[in-house]
Amino acid sequence: MDLLIAFSMTVSGLTFLMLSKDEKNKKYQWAGILMLVASFISLLTYFFYK
């Protein structure tokens, strides 16, 4: 279940980063970076606390 959540957060983060390439959507860049960090933390907790 944790891997499924991490994968969905990673896809969302990458989508936000792709959307942030437009000039109107620059605030999506922070959201994308934070989603990628959260998915990385989720992966770390999955492997270390398994």
Side-chain angles (χ1 to χ4, degrees):
M1 190 69 182
D2 290 334
L3 290 179
L4 182 63
I5 293 170
F7 178 72
S8 64
M9 282 195 294
T10 303
V11 170
S12 298
L14 290 175
T15 303
F16 283 146
L17 284 178
M18 290 175 69
L19 284 174
S20 72
K21 296 202 186 263
D22 293 338
E23 280 299 317
K24 297 179 196 174
N25 300 327
K26 280 295 181 186
K27 292 183 181 176
Y28 284 132
Q29 186 174 11
W30 283 107
I33 291 170
L34 290 176
M35 290 293 279
L36 288 175
V37 168
S39 64
F40 182 69
I41 291 171
S42 179
L43 282 174
L44 285 179
T45 57
Y46 175 76
F47 287 115
F48 286 118
Y49 293 113
K50 186 174 178 183

Legend entry - Pairing residues for Leu14 by the side-chain contact (heavy atoms from CB on, under 4.5 Å) criterion, not counting sequence neighbours: Thr10, Leu36
Inset, instruction - Can you see which heavy atom on Ser39 is nearest to which on Ala6, and at what distance? - result: CB-O, 3.5 Å
Inset, instruction - Drop me the distance from Ile33's CD1 to Tyr28's OH, to the nearest 0.5 angstrom. - result: 15.0 Å
Inset, instruction - Applying side-chain contact (heavy atoms from CB on, under 4.5 Å), name anything that partners Met35, two or more places apart in sequence or on another chain. - result: Met9, Ser12, Phe16
Inset, instruction - Please write out which residues are connected to Phe7 in a hydrophobic cluster, directly or through intermediates, given that two of Ile, Leu, Val, Met, Phe, Trp, Tyr count as joined at side-chain heavy-atom separations below 4.5 angstrom. - result: Val11
Inset, instruction - Can you measure from CG (Leu17) to CH2 (Trp30) and round to the nearest 0.5 angstrom? - result: 11.0 Å
Inset, instruction - Kindly compute the distance separating CZ (Phe47) from CG (Leu3), expressed to the nearest 0.5 Å. - result: 5.5 Å
